[in-house]
Asks: 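Input: one structure, supplied below.
Here is how names work: the chains are called A, B, and so on, in the same order as the sequence lines, proteins then strands, and each is numbered from 1.
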Number of protein chains: 2
Amino acid sequence: MSIPFSRALEKWNRDEEFRKAHEALDEEFALARMIIEARLRAGLTQEELAERMGTSQSAIARIEGGHRPSLKTLERIAEATGSRLKISLEPASD
Amino acid sequence: MSIPFSRALEKWNRDEEFRKAHEALDEEFALARMIIEARLRAGLTQEELAERMGTSQSAIARIEGGHRPSLKTLERIAEATGSRLKISLEPASD
DNA sequence: AAGGTTTATATCATAAATGTTATAAGGAGT
DNA sequence: ACTCCTTATAACATTTATGATATAAACCTT
C-alpha cells in the first residue's frame, strides 16, 4: 500500500485533481484521515504530536499511514490534538 | 476490579438501586456498556456472539468486563450485533 | 436444593500494536 | 544544485490484545 496521506491532505486545497483521486479511497482510510486532520487542525507536525504523546514521529507516521491504532493510542491522540474522541455502536440502518 | 456489568445491565430495569450505583462508574466503562447493550439489543448471549465472531465466550466476557478491545474486534462486534460503529475525532469544546 | 443456562476468571501460547532508533525520501525555499 | 523541515520505511524488542481451554461463580426455574 503505502500512500502518503499526510502530504495528500496538506495538498488538499492546492491540488484539486489529487483531491478527487483521493476520495475514492475514502472509506478505507477514514480513520487515518481523521487522525491527520485532527493533527493539522491543531497545527502540529508528526514530530510535535509525537512529543506531546510521549512517543516517536515514526509511530505517528505508521498510524497515519493506515495501521490501526489501539483505542488507548486514539485517546492519546485526541488529547494531544485538543480533540474529542467519540465512539458509538448504534443499531444499524440495514 | 471485576464488576459484573453484563448482569448489571440485564438487571437494569428490575433493580433501580443497582442502576444508580452503576451510573457513578458510567464514564469509565462506557465502551464496555455500549458493547453489552449492542449484544443485548441483538438478543444474543456471550456464547452466541462469540460464535458469530469466531471466538470464545471468555473473550467476550473479558472485553465486556472492561479490557479495551482493538478496533478490529470492535468492528467484528458491530457486524455480529447488527450495529454500526462510528468513530470521530472532533474539535474539543474546551 | 438441584440442574441448566449464562457469565466471570485463570492460564498460556500466538498475534498485533507500540516504542525505539536509524535511515530514506518528499517538499519548500534560497 | 543545496539546505532545512517534514514525513515515510525498516528492523527489532517490548507490551498488549486475542484465541483457546478449562473451571468457577452467578442467575433462573422448578
Asks: I want to verify a distance call: between dT7(D), dA16(C), dT18(D), whose nearest atom is closest to the Lys72(B) side chain?
Replies: dA16(C)
Asks: Would you indicate, yes or no, if dA17(C) has its OP1 or OP2 atom less than 4.0 angstrom from a side-chain nitrogen or oxygen of Ser70(B)?
Replies: no
Asks: Given atom NE2 of His67(B) and atom C1' of dA10(C), what is their separation to the nearest angstrom?
Replies: 11 Å
Asks: Evaluate Ser83(B) against Glu90(A) for side chain to side chain contact (heavy atoms under 4.5 Å, CB included), listing each step before the verdict.
Replies: CA-CA 5 Å; Ser83(B) 305; Glu90(A) 304 172 357; over 6 Å; no
Asks: A side-chain contact here means heavy atoms from C-beta on lying under 4.5 Å apart; do Pro91(A) and Arg84(B) qualify?
Replies: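 Counting from C-beta outward, Pro91(A) and Arg84(B) never come under 4.5 Å.
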Asks: Looking at side-chain heavy atoms only, is the closest gap between Pro69(A) and Ile35(A) below 4.5 Å?
Replies: yes
Asks: With the threshold set at under 4.0 Å for non-hydrogen atoms, list the residues of residues 50-58 of chain A touching DNA chain D in residue-number order.
Replies: Gln57(A), Ser58(A)
Asks: Which residue, Ala59(B) or Glu48(B), contacts DNA chain C at a nucleotide closer to its 5' end, judged by nearest heavy atom?
Replies: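 The residue mapped nearer the 5' terminus is Glu48(B).
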Asks: I want to verify a distance call: between dT20(C), dT7(D), dG19(D), whose nearest atom is closest to the Gln46(A) side chain?
Replies: dT7(D)
Asks: Whole Å only: how far is the CG atom of Leu71(A) from the P atom of dT18(C)?
Replies: 10 Å
Asks: Can you tell if the side chain of Leu71(A) reaches within under 4.5 Å of the side chain of Leu74(B), non-hydrogen atoms only?
Replies: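 Yes, side chains in contact.
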Asks: In this structure, how many angstroms lie between the P atom of dT18(D) and the CD atom of Glu64(B), rounded?
Replies: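 Between P of dT18(D) and CD of Glu64(B): 13 Å.
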Asks: Which of the following nucleotides, dT18(C), dA8(D), dT18(D), is nearest to the side chain of Arg62(A)?
Replies: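 Out of dT18(C), dA8(D), dT18(D), the nucleotide with an atom closest to Arg62(A)'s side chain is dT18(C).
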Asks: Can you tell me the distance, in whole Å, between the CD atom of Glu47(A) and the P atom of dA22(C)?
Replies: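 Distance, rounded to whole Å: 14 Å.
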Asks: With respect to the side chain of Thr45(B), which nucleotide from dT6(C), dT11(C), dG19(C) is positioned closest?
Replies: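 In terms of side-chain proximity for Thr45(B), the closest of dT6(C), dT11(C), dG19(C) is dT6(C).
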Asks: Do other residues, nucleotides or ligands put more than 12 heavy atoms under 6.0 Å from Glu48(A) CD?
Replies: yes
Asks: Which residues pass the salt bridge (Lys or Arg N to Asp or Glu O under 4.0 Å) test with Glu75(B), sequence neighbours left out?
Replies: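 Result, salt bridge (Lys or Arg N to Asp or Glu O under 4.0 Å) vs Glu75(B): Arg68(A).
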Asks: Using five pairs at each end of the helix from dA1(C)-dT30(D) to dT30(C)-dA1(D) to define an axis, what is the angle between those two axes, to 10°?
Replies: 50°
Asks: Nearest 0.5 Å, please: how far is OG in Ser56(A) from CG in Leu49(A)?
Replies: 11.0 Å
Asks: Indicate yes or no: does Arg39(B) engage Glu64(B) in a salt bridge with an N to O separation below 4.0 Å.
Replies: yes
Asks: Please tell me if Arg68(B) has a side-chain N or O lying less than 4.0 Å from either OP1 or OP2 of dA16(C).
Replies: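 No.
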Asks: To the nearest Å, give me how far apart CZ (Arg76(B)) and P (dT18(D)) are.
Replies: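 Taking atom P of dT18(D) as the reference, CZ of Arg76(B) is at 8 Å.
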Asks: Measure the distance from CG on Leu40(B) to C1' on dT7(C) and round it to the nearest whole Å.
Replies: 12 Å
Asks: If you measure only the distance, is there a donor-acceptor pair under 3.5 Å linking the side chains of Gln57(B) and Glu47(B)?
Replies: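 Side-chain D/A pair, Gln57(B) to Glu47(B): absent.
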Asks: If you measure from the Lys or Arg side-chain nitrogens to the Asp or Glu carboxylate oxygens, is any gap between Glu37(A) and Arg33(A) under 4.0 Å?
Replies: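 The answer is yes: the pair qualifies as a salt bridge.
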Asks: Could you state the atom-to-atom distance from CD1 of Ile36(A) to C1' of dT7(D) in whole Å?
Replies: 10 Å
Asks: Mind calculating the distance between CD1 (Ile35(A)) and C1' (dT7(D)) to the nearest angstrom?
Replies: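 Computing the Ile35(A):CD1 to dT7(D):C1' distance gives 15 Å.
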